[in-house]
Amino acid sequence: MSMSTKDKRGVALIVGAGAIVCALLGTYAFVSRKPAADASGCVGTPERSTVVVLDHSETITDQTRGEIVARAVAYISDKAQTNERVTVFNISEASKKSLVPVFSRCKPSRSGSRLVTDVRSLERNYQQKFMVPLRQALNAVPQNSKESPIAQALIDITLTEFLRSPHNSLLVFSDMLENAPPRYSMYSASCVEQGQTVAQFKASRRGAVERPRFHDTYVELNIIPRTDVARTTLRCRDQLWPWFFGDNEGSRAGLNVDYLPGA
């Protein structure tokens with residue numbers, strides 16, 4: 001006996017509803033099998049890392065600090081991926097003996113299937129556990145410090161887990177005026193030519209890593225302007241750092257230099 005058109009429609013509806021239920025169950029099972037995030041909000045081992053280095057050795061203007069926060073937040077919001085570890089370091093005299101991050105968490109997801117995910121809860125978690133403490137770390141007010149061991153801090157960071165993912169980004173906000181006497185200070189160094197500048201710096205690092213070795217790392221230098229330093233000091237700065245960041249291989253490797261407002 002053949003089925004009527006009405007019966008066929010009923011069967012189709014039943015089959016369709018069954019398919020939807022199976023799809024929902026499958027999606028729920030897949031989501032529930034995903035590993036849980038750890039205390040830092042990371043799921044497994046992150047494949048990507050972003051490190052933000054803030055030079056806190058000298059005070060800066062309000063417009064400089066505002067632009068630092070804006071650039072860092074824009075980069076992390078637009079370019080950092082879900083489950084990418086984001087870490088913030090403050091550099092000052094204390095960094096020579098105590099270099100610990102002031103913030104380190106993986107970027108959480110902000111979206112998902114509305115069928116199995118509370119999207120509002122995702123956004124609330126993103127803001128409360130990630131963006132709010134991140135902004136607090138970025139907004140910290142720098143204080144004057146006797147030393148500015150930028151190079152040592154950058155070298156030390158590259159030797160840690162924070163900048164050793166397969167793909168990395170390093171955002172530096174500093175005047176890039178290395179001042180770590182008695183070993184090396186741009187304020188007293190004699191920088192006639194780049195070879196001499198590099199040789200003086202390498203001598204100050206004898207017995208330790210002379211310059212960092214990056215892999216597949218995008219480096220962005222955001223230079224805090226200083227108009228009260230000698231021309232010779234600025235010459236040391238401009239000669240040292242291109243060599244310092246020169247050991248970087250990989251498809252994402254690169255160096256971009258930009259200035260901040262506030263001179």
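Since the structure is predicted, the reported quantities are computational estimates derived from the model, not experimental observations.
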Stepwise side-chain contact (heavy atoms from CB on, under 4.5 Å) test for Asn248 and Leu255: CA-CA 9 Å; Asn248 192 358; Leu255 175 64; over 6 Å; no

Polar side-chain atom of Arg105 near backbone of Lys129 as donor-acceptor pair, under 3.5 Å: yes

Donor-acceptor side-chain pairing of Gln127 and Glu123 below 3.5 angstrom: yes

ILVMFWY cluster, Leu99 and Val88 together (side-chain gap under 4.5 Å): no

Listed partners of Asn256 passing side-chain contact (heavy atoms from CB on, under 4.5 Å), at least two apart: Tyr218, Glu220

Side-chain donor or acceptor of Asn222 paired with backbone N/O of Leu260 under 3.5 Å: no

Side-chain (Asn83) to main-chain (Cys106) donor-acceptor, under 3.5 angstrom: no

Interatomic distance, Glu249 atom CD to Thr217 atom OG1 [nearest 0.5 angstrom]: 11.0 Å

Flag, side chain of Lys107 to backbone of Ala80, donor-acceptor distance under 3.5 Å: yes

Those residues that, when tested against Asp175, pass side-chain contact (heavy atoms from CB on, under 4.5 Å) (two or more places apart): Asp55, Glu58, Ile150, Leu177, Ile224, Arg226

Residue pairs involving residues 35-52 (criterion side-chain hydrogen bond (donor to acceptor under 3.5 Å, both in side chains); sequence neighbours excluded): Arg48-Glu84, Ser49-Ser165, Thr50-Glu84

Set of side-chain contact (heavy atoms from CB on, under 4.5 Å) partners for Thr59, sequence neighbours left out: Asn144

Parallel, tilted or perpendicular, as decided by the 30° and 60° cut-offs, for the rings of Trp241 and Phe245: tilted

Pairwise side-chain hydrogen bond (donor to acceptor under 3.5 Å, both in side chains) hits with a residue in residues 187-199, at least two apart: Thr197-Gln239

Test item: Arg71 and Asp258 side chains (from C-beta on) under 4.5 Å apart, heavy atoms: yes

Pair Ser57-Ser145, side-chain donor/acceptor within less than 3.5 Å: no

Any pair counted as ring pair (Phe, Tyr, Trp, His ring centres under 6.0 Å), so long as it reaches residues 122-156, sequence neighbours left out: Phe103-Phe130, Tyr126-Phe130

Asp247 bridged to Arg213 by N-O distance under 4.0 Å: yes

From CG (Leu240) to CD (Glu178), nearest 0.5 Å: 7.5 Å

